[in-house]
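Only one structure is covered here, and it is reproduced in the block below.
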Amino acid sequence: MTQELSKVYEPNKIEKEALELWANKGSFAADPKAPGDSYTIVIPPPNVTAALHLGHALNNTLQDILIRMRRMQGKNTLWMPGTDHAGIATQTVVEKRILAEEGKRRTDFEREVFVGRIQQWKDEYEAKIVNQLKMMGCSCDWDRVRFTMDEVCAKAVRQVFFKLFSDELIYRGKRLVNWDPATQTVLADDEVEHKTVPGFFWYLRYPLVEPVDLNAETVQYVTVATTRPETMLGDTAVAMNPADPRADALVGKMLRLPLVGREIPIVADQHVVLPDPESEDEKARFSTGFLKVTPAHDPNDWEIGLRHDLEVINVMAPDGSISDQYGWEDAVGSDAEQFLGMDRFEARKAIVDWFESEGLLEKVVDYAHEVGHSYRSHVPIEPYLSDQWYVAVKKPIENQADKFGTDLLADTDVPANSLAGMALKPLLDGKLRITPDRYNKNYQVWLENLRDWPISRQLWWGHQIPVWCKEGEHPNRCEYGTVHRVMDTDNGKVTYLCVKPGFEELEKAIESEGWVRDCDVLDTWFSSALWPFSTLGWPDETEALEKYYPGSVLCTAREIITLWVSRMVMMGQYCLGDIPFEDVFIHAMIQDGQGRKMSKSLGNGIDPLDIIDSHGADAMRFALAQMTTLTQDVRMPIEKMTLPDGRTANSSPKFDIGRNFCNKLWNASRFAMGNLENIAAVDELKLELEDKWILSRLHKTIAEVTQQLDEFKFSEPINALYKFFWNELCDWYLELIKPRMWDERRKGAAQRVLAYVLDCSLRMLHPFLPYITEGIYQHLNSLMPERGLAGIADLPAADALVTAAWPQAVEGLFDGAAEDEIAVVQDAIGLIRELRTKNQVPPKDKVEVTIKASEELAGIIGSQIDLICNIAGVKQLSCFTELAVRPNNAAVAVGRGIEIFVHDVVDTEAERKRLEKQKEQLEKGIKGVEGKLGNENFVSRAKPEVVESERARLADMKEQLADVLKNLEAL
RNA sequence: GGGCGGUUAGCUCAGUUGGCUAGAGCACCUGCCUUACAAGCAGGGGGUCACAGGUUCAAGUCCUGUACCGCCCACCA
């Protein structure tokens, strides 16, 4: 690198240089053998569905700030990168693409071929994502990139599944899935589009098997209200609220289901809404108090069915037609037989007609309600009963009892040695900390109410379930490598074999014996849950695992606290007996200027690479860090910009702030470089007032920034650094030392302090702005390799900023006196400048100034006359404690204990106006304070120091007022 | 429906355990291409702290209620 900094700040150039430097040095590589306590962050693996958006940029900027700071503090750091296969989301994206481009559906391909197509997509997007992260400056250990479906992670998945299966935590169970009858596929919850559609409530009468006497009347039937009459064929109960006054008489009685003739019970269940025609709740207004229960075709009814052990009767075929081939046995021979083969909507109409003709249709009411539709076929989805694999989350695990105990956790039904318990306990014990802590509740409530986890998905893209099955009961196939289990199913006994990873030969062997592998894949979150240790090579006992697990902090968005964070804790505890991280930092979600989520469809998204192009990565990071307070959402107003290559893209004025700061940093550094070329020798380092002041400010900033970063604050430290660098170092210190740079005798100390302060500033700014700081640091190194202040403050040298030592605050350099004195100088300069502007003195003109000040202030000003003259454009400055004669024709500014006269400039009119205004303000202030002090209650009840400071303030203002009045008179 | 956050200058946001005249950046006005920086420098204007009550000597800050904006989760006979 050349010594001179280029005149213009060009982010893209320094980004390239710094990336090369770090790559050559291997700065991000984690070495488990190296010294230092470990500090580990695992990246929330981005989905390979698409390129990264601004939310990712935020997420990863924050992680990079944390890891870079710890690296500089000498920790043995690992930031583990990688991507997530994102099962359904990725498969869907690719299916859409292939359908649009080739007109082919998934089912037009062999499974392996189609998975290969998704793999291609994954390769493309993984490369894009990794490149984006690199461009953002993320200091991940790029040699360790993992993918949730790569061999290493797959081994961990197989191992965990096997462990769960061995511990009898995995079982086969029924579940209602979102079924698209048109495409005959299962949809994820977020693939269901909710639309409000006009419909009806049909009120159907179900006769009692035997009439019941109720309130001196004989009840022959009950009326249920339904929006889906066709499902009545599968009804297996009618439910009513136990609080319903009729419940005593009716619960337990039997009904005869019309059409089918099935006898079904009336059961009591809290879920049923009590009827209330006056209610604001629509459901209560429409309710009859009786709810038909169809466990096979409605999620709530499924739950009710479980609670009352009801029969589950599926009356539909996968294409949505009425059928008795899928679990319905009493159709043939009944009046319901006529509906077999009808489409569900055709059947709806026919059934309503039948009820009407039989006099069992009480009424029909218009009702607009929400119906889930398939995002693909746009037909209403059908809750459809299917067999799935589950993980039991509240089942006590015997072999974990010693470690975790067997108690129920406080006020819950969660055993300490269940999966849910293992995830919940560390939070309750305070071992796991979530910042901001308001999210503790999310995590806790979710785990307390957790239900068993359905882990199978009817997809092709994912980890195929490592279970082989064969109908009937078969003896244990072999003693090693498998776990063997016989389960009861709808089709009688089935034997399941779970095969451990690493037994491919065995898999082939059993397949040749007629064992069939389950074709479903695992829920994406299953592999994500293992991310903190699968990436480190578990179940192998690797050095990396030994060194870097448990990790330190997880940084993510709140939407996945439950689905992801809690499951990582769960699996970390279960597999390794320890939580995967102590701290969870939850950052804000970025919204656009109107508070909407950023999304492709709204066209309000921002591409991080566009911002890097236009503003530079550092500017982007600055803006993102500055936005990160502990609030829940942050807004980013969107505006169009034109990129260097002519494209238009979304941007935000927020990034300008970062770019402006980088520009300031660049130019201040250029100034420094220009003045550090020939370092003047010094016998003994003699610090002047401004040196002591800037060192004091610097070290207070070091203390502040370090503590804030320890507390996961991001906005505060970058703002503190901004203020220190711009408003103190640039606005004042650089200006104050300019004259010294021309004076060989005074130059040496200023040069050394300047180099030192700049270096420390770069170090603290580096986690936020890695590129520009490294670029400047390299120049500084070649110009002036050693920058400590001998005997005052040490600063270990480093050949690159990325691994330079984080500065330590030295309290001995805090200098309140110097800060006070500089404040006096700054105030005086401020007043002189104000008078100059108000009286329209051209900037180039030098003025003569006389100051009258208290003894203390006069002492300070008297010793700093040169400083003031240089900065305020003063040719002659005299300072007195008493003024024999008021300077002629002078404008005056009155401050606390000070009067400043600028000679020969007075614009009488402006001067009078200004003094009158000040007089008014002072009078108002005095009145206010006098009122306060005149209040008996204030004086007696407020803290003495508050009263004291009010008194002092009053005295001050009175004195100033007197000065103002005197000067008004003199005009 | 449950949970949570927000409402402070035209815009985006700070504002510690209640305590000087409520701050910053952008935008705006005035003057400056002053030898690091016009992406800059100096000076300036601009706020009934959403609304209504309450506690207190004192409320942007604490409590209660209302309104609006938004997020997450669950659900929609």
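Proteins come first, then strands; the chains are lettered A, B, ... in the order of their sequence lines, and each starts at number 1.
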Give me the distance, rounded to whole Å, that separates [N] from [M] when you measure between the [atom1] atoms they each carry.
N     : M     : atom1 : value
B/U61 : B/U56 : P     : 16 Å
B/G15 : B/A38 : C1'   : 32 Å
B/G60 : B/U7  : C1'   : 12 Å
B/C51 : B/U8  : P     : 10 Å
B/C33 : B/C11 : P     : 34 Å
B/U16 : B/C62 : C1'   : 15 Å
B/C75 : B/G2  : P     : 15 Å
B/C26 : B/G43 : P     : 14 Å

Just call it for [X]: base, sugar-phosphate, or nothing, with non-hydrogen atoms closer than 4.0 Å on any strand.
X        : value
A/Lys927 : nothing
A/Leu291 : base
A/Pro653 : nothing
A/Val445 : nothing
A/Ala225 : sugar-phosphate
A/Thr288 : nothing
A/Phe201 : sugar-phosphate
A/Cys662 : nothing

For [X] and [N], is the shortest distance between a side-chain N/O and OP1 or OP2 below 4.0 Å?
X        : N     : answer
A/Trp726 : B/C41 : yes
A/Lys917 : B/G45 : yes
A/Asn300 : B/C76 : yes
A/Lys738 : B/A36 : yes
A/Thr837 : B/A42 : no
A/Lys943 : B/A58 : no
A/Arg635 : B/C69 : no
A/Lys441 : B/C4  : yes
A/Thr227 : B/A77 : yes

Please report the distance, rounded to the nearest Å, between [atom1] in [X] and [atom2] in [N].
X        : N     : atom1 : atom2 : answer
A/Arg659 : B/G40 : CZ    : C1'   : 12 Å
A/Asn727 : B/C41 : CG    : C1'   : 13 Å
A/Leu831 : B/A42 : CG    : C1'   : 14 Å
A/Met957 : B/C20 : CE    : C1'   : 8 Å
A/Tyr439 : B/C72 : OH    : C1'   : 9 Å
A/Leu933 : B/C20 : CG    : C1'   : 12 Å
A/Glu704 : B/U16 : CD    : P     : 15 Å
A/Asp656 : B/A24 : CG    : C1'   : 16 Å

TODO: Determine whether A/Arg307 and A/Glu303 make a side-chain contact, defined as any pair of heavy atoms from C-beta on separated by less than 4.5 Å.
DONE: yes
Nucleotide nearest [X] when distance is taken to its side chain, options [options]:
X        : options             : answer
A/Pro637 : B/C11, B/U21, B/G19 : B/C11
A/Arg833 : B/G5, B/A77, B/G43  : B/G43
A/Phe938 : B/A77, B/G19, B/C32 : B/G19
A/Tyr367 : B/G19, B/A36, B/C76 : B/C76
A/Pro299 : B/A77, B/C76, B/A42 : B/C76
A/Lys7   : B/A77, B/C37, B/G43 : B/C37
A/Met589 : B/G6, B/G19, B/C71  : B/C71
A/Lys838 : B/A42, B/G44, B/A14 : B/G44
A/Lys932 : B/A42, B/C20, B/G19 : B/G19
A/Gln591 : B/A77, B/C71, B/C4  : B/C71

Distance-only donor-acceptor check, side chains [X] and [Y], under 3.5 Å:
X        : Y        : result
A/Lys292 : A/Thr294 : yes
A/Glu362 : A/Thr223 : yes
A/Lys13  : A/Ser6   : no
A/Asp731 : A/Asn727 : yes

Task: First of A/Ser949 and A/Pro11 reached from the 5' end of RNA chain B, by closest nucleotide - done: A/Ser949
Task: 5′-ward residue of the pair A/Val929/A/Asn660 relative to RNA chain B - done: A/Val929
Open item on the list: Distance check, rounded to the nearest 0.5 Å: A/Leu736 atom CG versus A/Leu729 atom CG?
Closed with: 10.5 Å
Open item on the list: Can you tell whether the side chains of A/Arg953 and A/Glu948 come within less than 4.0 Å, N to carboxylate O?
Closed with: no
Open item on the list: I'd like to know if A/Glu930 pairs up with A/Lys958 as an ion pair, taking the criterion as any Lys NZ or Arg NE/NH1/NH2 lying under 4.0 Å from an Asp or Glu carboxylate oxygen.
Closed with: yes
Task: Candidate pair A/Lys640 and A/Asn650, rule side chain to side chain donor-acceptor pair (under 3.5 Å), full reasoning - done: CA-CA 5 Å; A/Lys640 291 278 174 205; A/Asn650 285 341; 3.0 Å; yes
Open item on the list: For a quick check, tell me whether the side chain of A/Glu735 and the base of B/A36 share a donor-acceptor pair closer than 3.5 Å.
Closed with: yes
Open item on the list: Taking the cut-offs as 6.0 angstrom to the six-membered ring centre and 45 degrees off its axis, would you call A/Arg567 and A/Trp453 a cation-pi pair?
Closed with: yes
TODO: Kindly determine whether A/Phe712 and A/Phe585 satisfy ring-ring contact (aromatic ring centres under 6.0 Å, His included), including the steps that lead there.
DONE: CA-CA 7 Å; A/Phe712 299 109; A/Phe585 179 72; 5.7 Å; yes
Open item on the list: As a check on the pairing definition, encode RNA chain B in dot-bracket form, counting Watson-Crick and G-U wobble pairs whose two distances are under 3.5 Å, and using | for partners outside this strand.
Closed with: (((((((..((((.....[...)))).(((((.......))))).....(((((..]....))))))))))))....
Open item on the list: Determine whether the aromatic ring centres of residues A/Tyr722 and A/Phe661 are separated by less than 6.0 angstrom.
Closed with: yes
